[in-house]
Amino acid sequence: MRELTYAQAISEATVQCMAADPSVFVAGQNVDDEKGTHGTTREAFEAFGPSRVIDVPNAENAFAGIALGTAAAGMRPLVVHTRADFMLLAMDSVINLASKWRYVYGDPAGVPLVMRGVVGRGWGQGATHSQSLQSVFGHFPGLRVATPATPADAKGLIISALQGRDPVVLLENRGLYSLKGEVPEEAVPVPFGRGRVARRGDDVTIVAASLMAHEAERAADLLADVGVSAEVLDPRSVRPLDGGLIMSSVARTGHLVVADTSWAPFGFSAEVAAIVAENVPGALRSPVVRVTPPDCPAPVSFPLEEAFHPDAERIARACLTALRLDASEFRTPRPITAGFSGPF
Amino acid sequence: MRELTYAQAISEATVQCMAADPSVFVAGQNVDDEKGTHGTTREAFEAFGPSRVIDVPNAENAFAGIALGTAAAGMRPLVVHTRADFMLLAMDSVINLASKWRYVYGDPAGVPLVMRGVVGRGWGQGATHSQSLQSVFGHFPGLRVATPATPADAKGLIISALQGRDPVVLLENRGLYSLKGEVPEEAVPVPFGRGRVARRGDDVTIVAASLMAHEAERAADLLADVGVSAEVLDPRSVRPLDGGLIMSSVARTGHLVVADTSWAPFGFSAEVAAIVAENVPGALRSPVVRVTPPDCPAPVSFPLEEAFHPDAERIARACLTALRLDASEFRTPRPITAGFSGPF
Amino acid sequence: MTPLMRMLREMVRIRTVETALAELYRDKQEMRTPTHFSVGQEATAVGVCSALRPDDRVYSGHRSHAPYLAKGGDLHAMVAELHGKRTGCAGGRGGSMHLIDPKVGFMAASILGETIAVGTGTAWASVMRGSDEVTAVFFGDGAAEEGVFHESLNFAALHNLPVLLVCENNGYSITSPLTARQPRGTTVWERARGYGVSSALVDGNDVEAVHDAAVEAVRLCRRGRGPYLLELTTRRLLEHVGPHPDRDAEHGAETDVRTRSCPVVRASNALRSADLGCESPDRVVDRWRQEAEQEVRLAVEAARAAPFPSTSTLLDGVHHS
Amino acid sequence: MTPLMRMLREMVRIRTVETALAELYRDKQEMRTPTHFSVGQEATAVGVCSALRPDDRVYSGHRSHAPYLAKGGDLHAMVAELHGKRTGCAGGRGGSMHLIDPKVGFMAASILGETIAVGTGTAWASVMRGSDEVTAVFFGDGAAEEGVFHESLNFAALHNLPVLLVCENNGYSITSPLTARQPRGTTVWERARGYGVSSALVDGNDVEAVHDAAVEAVRLCRRGRGPYLLELTTRRLLEHVGPHPDRDAEHGAETDVRTRSCPVVRASNALRSADLGCESPDRVVDRWRQEAEQEVRLAVEAARAAPFPSTSTLLDGVHHS
Ligand SMILES: Cc1ncc(C[n+]2csc(CCOP(=O)(O)OP(=O)(O)O)c2C)c(N)n1
Ligand SMILES: Cc1ncc(C[n+]2csc(CCOP(=O)(O)OP(=O)(O)O)c2C)c(N)n1
Ligand SMILES: [Mg+2]
Ligand SMILES: [Mg+2]
């Protein structure tokens with residue numbers, strides 16, 4: 001199969017959905033410019049022009065409601081936020097209206113409002129440009145929340161979103177845009193709620209979404225060097241969350257490490273741990289370990305930023321802790337600088 | 001000790017803090033009217049007048065920022081939201097600015113912005129007037145998030161908030177306002193992060209915040225009838241959360257039920273389960289049981305609403321499940337209609 | 001029937017329905033949903049909706065009954081919704097603040113200002129789809145303080161969207177008077193001008209004036225010269241939420257003013273017996289009232305008799321399956 | 001020195017500092033923080049801040065260096081902040097978009113519009129505390145589209161708050177021109193009038209005009225007749241974020257216009273040698289530039305030499321202990 005970058009996969013999914021369905025349109029700040037949201041909206045603009053790839057004013061709250069209104073009237077908006085953090089301005093429309101619409105109004109048509117949010121990463125993005133909001137959106141019934149880790153899933157999950165009838169939040173870590181992978185040419189949806197086994201293994205289960213799935217795979221490489229076989233599970237969507245996949249893996253390995261870019265408290269890592277504690281607590285042969293950012297806002301300063309973001313090494317060490325193995329002679333991996341390098 | 005209602009306790013705390021510190025002021029929609037936010041702001045208005053108890057326009061987002069600005073300039077705003085749901089309009093100011101201020105700006109003075117949010121309950125409040133947002137606010141470092149269950153704690157936690165230097169979210173379930181309890185006359189702060197043993201017991205640990213602490217106590221009564229001794233823990237604040245108290249109780253009882261008014265996924269119940277799975281998983285002799293609203297928005301229709309809200313009976317049955325005891329001859333308790341009765 | 005007669009009849013109908021519901025709401029306590037009546041404000045809904053086509057859309061905020069009925073929303077489905085019944089327009093799940101009737105293009109939401117954006121969106125969709133449908137959005141003076149009002153107005157004006165923004169200015173946000181919330185000497189309609197939006201201030205208790213202004217506004221919107229903002233001054237006669245007479249009015253000794261300005265009284269006075277053939281206006285209005293009483297009685301009976309939704313459906317319909 | 005001379009010197013200083021930083025930002029890649037330079041927009045910051053007292057407060061958005069420096073913010077602390085160093089004004093944690101200097105009452109935030117509300121709040125606090133301090137808030141034409149602008153303006157006008165809202169209209173929001181975002185024929189300053197707020201449109205590249213307008217606006221605010229909104233038209237010469245020349249300008253063949261309207265060039269031309277004694281304007285400006293070059297060189301050296309914050313402090317200061 002041919003390879004695409006994550007950004008190209010998003011772009012291709014968008015173009016294919018727009019070609020197949022004239023009600024799909026793209027809207028967001030600067031989506032029509034040359035950079036085209038990290039190259040994800042440029043092709044669509046070239047193919048369909050400014051009437052279907054639409055630059056919008058800075059008005060996140062109203063625009064979520066406006067897009068919702070178009071969806072209520074039969075359109076399929078794909079709204080792009082250049083930072084997921086800006087979606088905090090749109091919480092009312094998204095949580096109080098979009099997520100509840102279908103249920104509260106008993107409206108079987110629903111409102112297929114699809115929102116992409118870019119999670120900033122690296123180059124001092126700082127506290128307000130790098131937040132991963134999967135745990136917040138994941139809390140609310142009525143939403144679908146996806147965190148694609150691979151180009152194929154980025155494509156397939158956008159297709160599911162744009163073919164479905166539910167409001168969807170897609171969170172894309174900016175560190176992933178240049179990542180390459182095989183992507184089917186056709187528009188094949190990836191269903192929500194079905195996780196992916198990124199790596200098979202027997203000794204410990206690592207659950208990790210989005211960028212963390214890759215760090216977990218690198219951790220699995222490091223662990224392989226010391227004879228530990230780690231299984232890496234990528235949930236692909238956090239709402240619905242594929243609990244079955246997690247439980248059956250943990251039932252086999254007996255050890256669970258969860259790695260996530262959102263904070264531990266009330267976070268994705270809490271939910272995964274809870275699912276296990278609730279269903280197969282007896283399977284756990286060691287405490288669950290959560291590998292998450294420390295409990296502080298993201299700092300800008302380079303060494304602090306590096307210390308802030310969880311990475312392969314921390315995940316691998318967490319696995320060794322879970323397995324009660326000695327981490328002292330464990331080699332420290334070369335740090336990868338995620339995706340982007342400056343200047344801005 | 002003399003008894004006060006929950007509403008009176010809030011009122012007293014407010015008046016005492018305003019008397020002690022001229023920089024404290026109260027602001028919110030209709031705080032100055034006769035009803036005075038369920039009787040919690042009326043005394044303050046009478047004592048200090050409209051210059052310190054201030055009605056504001058409908059502008060939740062800006063007003064959070066405006067209040068923050070006054071805090072940055074040495075004032076101590078106590079902002080009242082008649083429904084916590086409306087705070088979703090203020091998420092940008094609260095999450096992107098208030099919670100991060102002290103850390104991101106390295107500003108030791110911080111911004112003591114205190115926000116009260118009323119959680120609606122009963123009489124068909126519905127999907128957008130009854131959300132408990134502790135799990136959302138609890139996710140973000142930099143905030144204090146309190147969920148007082150008793151009049152004494154309502155008073156003490158507000159005092160802590162208004163004497164401290166951190167942004168604080170206080171969530172008050174409307175079902176609690178008429179509840180009576182002993183309250184110290186003096187202004188004694190209740191610290192954040194220290195849970196309360198609402199009921200001692202040996203067989204099972206129930207962790208429950210706010211209104212659920214009372215349902216849990218009622219559940220403990222029901223359980224006592226069938227010979228089960230339940231321990232009820234009320235965390236009082238969910239950020240910081242008193243993990244130690246929970247762990248030592250579960251270490252003793254071996255069984256954990258978490259009851260909460262917020263949804264299970266990525267919720268308070270997930271975090272409590274995760275803390276145990278992370279620290280003392282061996283202590284669990286049965287799976288954790290989460291008693292939460294079902295995974296749907298809150299419906300208005302009376303029977304659906306009753307089925308939606310978790311109550312004593314569901315908590316008690318969950319405990320029996322955890323203990324693998326037969327629930328068949330368990331008596332169904334008389335439903336209490338929480339607090340409010342109509343018409344509006 | 002003259003347009004005025006049709007509008008008066010609709011106002012009488014809405015007044016009668018709401019008055020009946022308000023009493024039952026208070027006495028029977030079977031409608032367990034916070035309910036905001038439009039008693040005293042009927043002319044805004046009726047005057048505007050009578051200027052719309054059936055395929056036009058209408059949105060409102062929490063004070064939704066009058067626009068719902070004026071747009072042609074199903075009365076039985078509304079009353080059942082207030083009773084939380086399965087036959088309700090939202091299956092009993094939404095209650096008074098979430099009325100919907102897709103057949104007539106109506107929907108209401110509870111959070112201030114939300115539907116200003118949604119209606120702007122449906123108006124945008126009309127343009128995208130090449131249809132000439134117009135969307136009208138009802139909201140209060142209080143909702144106009146929310147940022148979403150500004151953001152939506154800016155967007156609607158930027159794209160010349162066919163959205164008619166109807167600000168029902170009743171002078172209060174719950175118990176808070178306008179003077180506590182908006183700068184003295186300013187108005188919502190003038191603020192709209194700052195976005196290049198055409199606007200007008202109209203006596204919202206004069207149903208003919210409202211209608212005429214709405215006809216012109218809708219005409220402009222339909223021709224691609226929208227948006228348009230109408231500020232309609234009015235008074236509510238009951239309290240903000242619930243069935244009791246408005247206390248602010250009583251305290252403020254405004255009762256007289258309010259009654260005199262009552263849109264139903266005023267439209268009745270405006271009716272000449274000439275229009276009515278041999279009947280006197282009072283008798284005609286009385287007959288309409290009786291018809292509406294009968295209509296609401298049947299709707300209430302049906303709602304009471306209807307089943308509650310089964311708790312087994314509690315989780316149904318959160319997602320598209 | 002005349003006021004114009006003082007302002008020109010400050011503009012030359014800011015231009016020199018930012019130009020030097022922009023080059024280092026591009027070449028050295030030691031400042032790892034998204035950075036929005038104000039090159040071309042110096043007159044807004046300098047004209048307004050020169051009308052303020054030291055105890056007045058200034059807020060800005062993401063484009064923060066010029067207002068920070070114009071208000072008297074510590075240059076060394078700023079440069080260290082951009083380098084992420086412990087000696088930075090925010091300890092290296094905030095970066096370019098979160099500059100702060102409490103000693104001179106300055107603070108900046110990264111999310112559009114946030115500080116419009118915060119500044120409105122500090123102005124309110126001044127009133128509450130009976131002080132006559134004024135708060136000025138800098139924000140862009142893009143930020144004026146956010147609902148918080150409307151909500152804050154409404155509140156500031158309602159309470160006559162001493163807040164000076166300074167809209168730096170550079171015609172762009174990142175790459176998006178004003179025409180794609182705001183209704184044609186409308187302006188931010190006229191919109192303010194809808195709230196009863198006094199406002200003025202001023203050529204933001206004419207530092208004297210900005211200064212004079214700001215003096216008047218501040219005078220009114222200080223006397224309790226605020227708020228006031230100044231819309232200042234200007235141009236940025238570098239791209240939105242980062243050190244390269246603005247491509248939209250190049251493509252649009254606007255470069256000439258931009259250079260001719262450059263506020264530093266214009267203020268230099270306005271200087272009469274009379275004001276300068278025997279020196280020629282060029283020589284004077286050159287001397288100021290050299291002084292600033294020296295100043296920034298030292299600041300950069302100090303920033304480079306300064307330690308990074310220790311990772312052991314990663315968790316410090318989230319809460320009040
Ligand atoms: C965002 C938000 N804030 C507050 C409320 C609570 N609330 C419900 S109705 C209302 C009054 C609104 O006044 P107005 O818009 O003038 O409508 P009216 O009730 O006068 O018809 C308020 C404050 C709400 N529903 N949503
Ligand atoms: C709420 C929000 N939305 C989007 C952004 C991304 N963003 C940063 S700067 C900018 C452009 C703002 O334009 P303007 O306010 O005119 O300021 P300028 O950059 O032109 O000085 C945008 C869209 C943001 N920081 N905050
Ligand atoms: Mg009103
Ligand atoms: Mg700009």
Side-chain angles (χ1 to χ4, degrees), chain A residues 22-23 25 27 51-52 54-77 79 89-93 95-113 140-144 163-168 192-193 239-240, chain C residues 57 59 81 86 88-95 97-100 102 105 107-129 131 133 135 137 146-156 158-159 161 163 309 313-321:
Chain A
S23 63
F25 70 95
S51 67
R52 290 183 67 195
I54 305 157
D55 185 21
V56 304
N58 302 301
E60 287 81 1
N61 187 25
F63 198 73
I66 290 169
L68 187 85
T70 70
M75 302 298 293
R76 287 187 170 278
V79 178
L89 282 142
M91 292 307 269
D92 176 56
S93 309
I95 303 302
N96 280 333
L97 199 52
S99 80
K100 299 175 175 37
W101 185 292
R102 201 169 187 286
Y103 184 86
V104 164
Y105 294 104
D107 175 18
V111 276
L113 166 64
F140 294 94
L143 291 180
R144 306 283 193 196
Q163 292 181 347
R165 298 218 57 84
D166 290 312
V168 178
F192 298 115
R239 175 175 269 276
Chain C
R57 289 169 185 266
Y59 291 88
E81 187 61 34
R86 200 165 75 195
C89 59
R93 280 144 165 205
M97 292 192 283
H98 297 99
L99 298 185
I100 185 165
M107 179 254 175
S110 64
I111 304 285
L112 295 179
E114 267 179 358
T115 48
I116 303 177
V118 176
T120 300
T122 59
W124 196 25
S126 298
V127 174
M128 287 180 175
R129 304 177 80 100
S131 110
E133 289 160 15
T135 298
V137 186
E146 296 284 356
V148 70
F149 169 73
H150 157 94
E151 294 181 355
S152 301
L153 212 55
N154 185 65
F155 193 83
L158 176 68
H159 291 285
L161 300 183
V163 60
T313 64
L314 182 60
L315 280 163
D316 291 357
V318 179
H319 292 289
H320 186 67
S321 61

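Side chains included, hydrogens not; waters and symmetry mates left out as well; all remaining heavy atoms used. Proteins get letters first, then strands, A, B, ... in listed order; numbering begins at 1 in each.
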Q. In Å and rounded to the nearest 0.5 Å, what is the CD to CG distance from C:E146 to A:N61?
A. 8.5 Å

Q | Among the listed options A:A72, A:G106, A:A59, A:P77, the residue most often paired with chain C at heavy-atom distances under 4.5 Å | A | A:A59

**Q.** Nearest atoms (heavy-atom pairs only) where A:L97 meets C:A109
**A.** CD1-CB, 4.1 Å

Q | Nearest non-hydrogen partners of C:L158 and A:P57, listed with the distance | A | CD2-CG, 3.9 Å

(Q) Please determine whether side-chain contact (heavy atoms from CB on, under 4.5 Å) holds for the pair A:W101 and C:M107, giving the CA-CA distance in whole Å, both sets of side-chain angles, and the decisive distance to 0.1 Å. (A) CA-CA 11 Å; A:W101 185 292; C:M107 179 254 175; 3.4 Å; yes

**Q.** A:I54 portion near chain C, given a 4.5 angstrom heavy-atom threshold
**A.** side chain

Q: Evaluate the criterion side-chain contact (heavy atoms from CB on, under 4.5 Å) for residue pair A:R102 and C:V318; output intermediate values, then yes/no.
A: CA-CA 6 Å; A:R102 201 169 187 286; C:V318 179; over 6 Å; no

(Q) For A:D92 and C:I111: C-alpha separation, side-chain torsions, deciding distance, then whether side-chain contact (heavy atoms from CB on, under 4.5 Å) applies. (A) CA-CA 8 Å; A:D92 176 56; C:I111 304 285; 3.4 Å; yes

Q. Closest approach of C:R129 and A:A73, non-hydrogen atoms and distance?
A. NH1-O, 3.3 Å

Q. Are any side-chain N or O atoms of C:R93 and backbone N or O atoms of A:Y103, one a donor and one an acceptor, separated by less than 3.5 Å?
A. yes

Q: Give, for atom CE of C:M128 and atom CZ of A:R52, the distance between the pair rounded to the nearest 0.5 Å.
A: 9.5 Å

(Q) Using 0.5 Å steps for rounding, measure from the CD1 atom of A:I66 to the CG atom of C:L161. (A) 8.0 Å

Q: For C:S152 and A:A62, work out which heavy atoms get closest and say how close.
A: OG-CB, 3.7 Å

Q) Picking from C:T135, C:L315, C:N154, C:L314, which has the most non-hydrogen pairs under 4.5 angstrom with chain A? A) C:L314

**Q.** Check: C:H320 main-chain N/O paired with A:D166 side-chain donor or acceptor under 3.5 Å
**A.** yes

**Q.** Heavy-atom pair of closest approach, residues A:Y105 and C:A108
**A.** OH-O, 2.6 Å

